[in-house]
Amino acid sequence: MAPDQLFLRVPEASALKNRLHLDLRPCDQVAEVARLLGIGARRVSDGQPEDVSRVVLADPEGSELRVPRRLPPADR
């Protein structure tokens, strides 16, 4: 399955320069998080409660990305 991109408008004004973040949905969330941490990402909080369905990371420049767990086939 090829990756897809989804862009959503948000009603609030930009408070920071980082208005775009990526959600990566890998086949293996644990392995992908380990890979990203190994190449310089770091875990961060996005102000939301801890949630096992996604991991929030930032790249070395501080841009956030989220790694949700894989969707079940019925939800794809």
Side-chain angles (χ1 to χ4, degrees):
M1 175 180 278
D4 60 355
Q5 296 177 354
L6 173 65
F7 293 91
L8 301 172
R9 289 188 185 273
V10 294
E12 59 274 350
S14 176
L16 303 170
K17 65 179 182 175
N18 181 23
R19 291 292 292 164
L20 175 71
H21 71 262
L22 297 176
D23 287 356
L24 305 176
R25 193 176 300 274
C27 292
D28 184 338
Q29 181 191 45
V30 173
E32 184 64 8
V33 168
R35 185 186 76 79
L36 293 167
L37 291 171
I39 60 173
R42 60 185 166 79
R43 289 180 181 266
V44 297
S45 171
D46 61 357
Q48 300 297 316
E50 287 292 319
D51 183 345
V52 296
S53 69
R54 62 160 170 67
V55 177
V56 183
L57 303 171
D59 69 16
E61 294 178 355
S63 298
E64 290 182 5
L65 60 131
R66 288 165 180 76
V67 185
R69 68 176 175 227
R70 187 172 184 185
L71 287 174
D75 293 338
R76 290 187 214 152

For the student: nearest non-hydrogen atoms of Pro26 and Pro68, plus distance: CD-O, 3.7 Å
Heavy-atom closest contact (Ala58 atom, Val44 atom, distance): CB-CG1, 3.7 Å
Criterion side-chain contact (heavy atoms from CB on, under 4.5 Å) against Val55, the qualifying member of Arg69, Gln29, Arg66: Gln29
May I have the list of side-chain donor-acceptor pairs in residues 30-42 shorter than 3.5 Å, sequence neighbours left out?
from	atom 1	to	atom 2	distance (Å)
Glu32	OE1	Arg35	NE	3.1
Glu32	OE2	Arg35	NE	3.4
Glu32	OE2	Arg35	NH2	2.8

